[in-house]
Amino acid sequence: MTNSTAAAARGHHELNRLMSLMTGDEKHGPAATSTLDVLRVLYDRVLRVTPATADAPGRDRFLLSKGHGPMAYYAVLAAHGFFGEELLAGFGSYDSPLGHHPDRMLVPGVEIGSGSLGHGLPLAVGSVLGLRAQGLTDPRVWVLIGDAELDEGSNHEALAYAGPAGLEQLHTVVIDNASASHARPGGIAARFEAAGWSVASVDGRDHEALYAAFTAPHPGRPRAVVARVAPKS
């Protein structure tokens, strides 16, 4: 299975144009833009999933736990052909499939319904265990979470389990825009390292650094990438 570079990946200017079609949730604009570079690198160069393989057992799974403010996610999915861009202008309206939180039953390419913080990483752990139970060891599971989600205990239970369990198929990207209420000794990366994860901390807007961190080998361990994102001025 090839990744979605088979689709015509669009540049940053075009993605910004697609995002501009969605209005009515401006308060979550920073939450969306903080994820755009990570999503672009993942869907352009890393994830092995296309519109044609969105239901294939061997696809990679991407779980957006940071589901509030999903405009960047919708823009990237539209850019890669999961649905037509004409849907974007109806974002958040009564009869639109594109809600303020993604709905896996309504939006092609979406793996989970999200928006309630703290659920994505536990669901990703369960997804990897489910794939293992089916003998599917090649598909990778990626989950994108926000740093504030680490205030939720469910995430700590999941990451504490995943390391000792050796869930190599699991990949977590943490968007660190310094929005968490509670600091962790040593920072976010140290929390994952203490649980036995392979960890990298990079500039969340540097595409080459992100790509290198996403594709680094991590045999026998889950992978966490902390993407530091300063607010755009």
Side-chain angles (χ1 to χ4, degrees), residues 1 3-4 31 34-35 38-39 41-43 46-49 53-68 70 72-73 76-77 101-105 107 109-176 180 188-189 191-200 204 210 213-227:
M1 181 187 298
N3 67 19
S4 55
S34 69
T35 68
V38 165
L39 289 167
V41 173
L42 283 173
Y43 275 90
V46 178
L47 291 173
R48 298 172 298 181
V49 63
T53 62
D55 294 318
R59 73 189 184 280
D60 285 348
R61 277 79 167 163
F62 174 77
L63 281 57
L64 181 70
S65 186
K66 187 178 165 69
H68 54 293
Y73 185 39
V76 169
L77 288 175
H101 293 172
D103 187 328
R104 73 177 187 89
M105 302 301 293
V107 186
V110 171
E111 296 281 356
I112 60 171
S114 61
S116 297
L117 300 181
H119 293 173
L121 184 53
L123 286 169
V125 169
S127 296
V128 172
L129 293 175
L131 289 169
R132 279 187 171 188
Q134 298 173 74
L136 297 171
T137 58
D138 187 51
R140 301 166 301 184
V141 177
W142 293 78
V143 58
L144 189 154
I145 69 175
D147 59 332
E149 289 192 80
L150 292 174
D151 291 343
E152 302 291 338
S154 55
N155 277 321
H156 291 277
E157 293 176 1
L159 73 87
Y161 173 83
L167 300 187
E168 185 177 340
Q169 290 166 265
L170 177 61
H171 304 74
T172 298
V173 185
V174 184
I175 301 295
D176 181 10
I188 294 171
R191 177 66 185 89
F192 283 88
E193 289 171 346
W197 291 56
S198 167
V199 184
L210 287 167
F214 292 162
T215 56
H218 49 97
R221 295 194 290 169
R223 177 71 165 168
V225 176
V226 181

A.B. asks: Under 3.5 Å, side chain of S127 to main-chain N/O of L123, donor-acceptor pair present?
C.D. replies: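 Checked: pair present.
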A.B. asks: Angle class for the Y73/Y43 ring planes (parallel below 30°, perpendicular above 60°, tilted otherwise)?
C.D. replies: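 Judged by the thresholds at 30° and 60°, the geometry between Y73 and Y43 is tilted.
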A.B. asks: Rounded to the nearest 0.5 Å, what separates atom CZ in R191 from atom CG in L150?
C.D. replies: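 Separation between the atoms: 8.5 Å.
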A.B. asks: Could you tell me which non-hydrogen atom of P164 sits nearest to which non-hydrogen atom of A195, and how far apart they are?
C.D. replies: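 Shortest heavy-atom separation between P164 and A195 comes out as CD-O, 3.5 Å.
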A.B. asks: May I have the step-by-step check of side-chain contact (heavy atoms from CB on, under 4.5 Å) for V46 and H171, ending in yes or no?
C.D. replies: CA-CA 12 Å; V46 178; H171 304 74; over 6 Å; no
A.B. asks: Looking only at non-hydrogen atoms, find the nearest pair between L64 and S114 and report the distance.
C.D. replies: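 The answer is O-OG, 2.6 Å.
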A.B. asks: Yes or no on side-chain contact (heavy atoms from CB on, under 4.5 Å) for H119 and I112, after CA distance, side-chain angles and deciding distance?
C.D. replies: CA-CA 10 Å; H119 293 173; I112 60 171; over 6 Å; no
A.B. asks: Taking all non-hydrogen atoms of both residues, which atom of P139 and which atom of R59 are closest, and how far apart?
C.D. replies: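 Scanning both residues completely, I find the closest heavy atoms to be CB-O, 3.2 Å.
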A.B. asks: Mind running side-chain contact (heavy atoms from CB on, under 4.5 Å) on L136 and Q169 for me, showing each step along the way?
C.D. replies: CA-CA 10 Å; L136 297 171; Q169 290 166 265; 5.5 Å; no
A.B. asks: Should we say atom CZ of R132 is surrounded by more than 12 heavy atoms from elsewhere, each under 6.0 Å from it?
C.D. replies: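 Above 12, so yes.
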A.B. asks: Going from OG1 on T35 to CG on L42, what distance comes out if it is rounded to the nearest 0.5 angstrom?
C.D. replies: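 Rounded to the nearest 0.5 Å, the OG1-CG separation comes to 10.0 Å.
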A.B. asks: Looking at every heavy atom in both A158 and L121, which two are closest together, and how far apart are they?
C.D. replies: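 Closest heavy-atom pair between A158 and L121: CB-CG, 3.8 Å.
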A.B. asks: Roughly how far, to the nearest 0.5 Å, is CG of L63 from CD1 of I145?
C.D. replies: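 That separation rounds to 11.5 Å.
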A.B. asks: Should V38 and W142 be marked as a side-chain contact (heavy atoms from CB on, under 4.5 Å) after you check the CA-CA gap, both sets of side-chain angles, and the distance that decides it?
C.D. replies: CA-CA 12 Å; V38 165; W142 293 78; over 6 Å; no
A.B. asks: Which atom names give the shortest non-hydrogen contact between L144 and E149, and what distance separates them?
C.D. replies: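 Smallest heavy-atom distance, with atoms named: O-OE2, 4.4 Å.
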A.B. asks: Could you tell me the separation between the CG atom of L77 and the CZ atom of F62, rounded to the nearest 0.5 Å?
C.D. replies: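 Reported value, rounded in 0.5 Å steps: 8.5 Å.
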A.B. asks: Looking at D60 and R140, would you say the former's side chain and the latter's main chain have a donor-acceptor pair under 3.5 Å?
C.D. replies: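 Such a contact is found between D60 side chain and R140 backbone.
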A.B. asks: Locate the shortest heavy-atom distance separating R221 from W197; write the atom from each residue and the value.
C.D. replies: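 Heavy-atom minimum between the residues: NH1-O, 3.2 Å.
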A.B. asks: What is the distance from atom CZ of R223 to atom CG of L167, rounded to the nearest 0.5 Å?
C.D. replies: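 Between atom CZ of R223 and atom CG of L167 there are 15.5 Å.
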